[in-house]
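Working notes for the structure below.
Residues: numbered from 1 along the sequence shown. No experiment lies behind these values; they were computed from the predicted model shown.
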Amino acid sequence: MERETTFLKKDIIWNILEKKYIVRNVPYTVSDTEDEQFLDLDVSMRLTALRDLMFENEIPHDINYEDIAHIEF
């Protein structure tokens, strides 16, 4: 039995100190056999950096991941 992986996109939302920070269209995968969601390591690291930049008001608090996916940190 071969395991299938489905590639999807979702919005990641943080509420920190009563402020909302949103990254839209974040890619993730779902394994049919485990029915769990997984983020790629590069995506996870990029999200952490984006969250920190949003918190420091260096970038907007609502961004589209597809617009910054090519940027390397």
key: Step-by-step side chain to side chain contact (heavy atoms under 4.5 Å, CB included) determination, Leu8 to Thr29   = CA-CA 6 Å; Leu8 303 166; Thr29 57; over 6 Å; no
message = Less than 4.5 Å apart, side chain to side chain, heavy atoms only: is that true for Asp11 and Val23?
response = no
query = Val43 versus Pro27: any side-chain heavy-atom pair under 4.5 Å?
reply = yes
ask   = Which heavy atom in Val26 sits nearest to a heavy atom in Leu39, and how many Å separate them?
value = CG1-CD2, 4.0 Å
message = Under 4.0 Å between a side-chain nitrogen and a carboxylate oxygen: does that hold for Arg24 and Glu66?
response = no
From CG (Asp52) to OG1 (Thr48), nearest 0.5 Å = 7.0 Å
remark   = Interatomic distance, CD1@Ile59 vs CZ@Arg51, rounded to 0.5 Å, equals 11.5 Å
query = To the nearest 0.5 Å, what is the distance between CD1 (Ile16) and NE2 (His61)?
reply = 9.5 Å
request  = Of all the heavy-atom pairs spanning Lys20 and Ile13, show the shortest one and how long it is.
outcome  = CG-CG2, 3.6 Å
key: Distance in Å, Leu53 CG paired with Tyr21 OH, rounded so as to fall on 0.5 Å steps   = 11.5 Å
Rounded distance (nearest 0.5 Å) linking atom CZ of Phe55 with atom CG of Asn57 = 8.5 Å
query = For Ile71, does its backbone N or O pair with a side-chain atom of Arg46 as donor and acceptor, under 3.5 Å?
reply = yes
query = Does the side chain of Ile12 reach to within under 4.5 Å of the side chain of Ile22, using non-hydrogen atoms?
reply = no
request  = Kindly indicate whether a cation-pi arrangement holds for Lys10 with Tyr28, taking the cut-offs as under 6.0 Å to the six-membered ring centre and within 45° of the axis.
outcome  = yes
remark   = Minimal heavy-atom distance between Trp14 and Leu47, with the atoms involved, is CH2-O, 3.7 Å
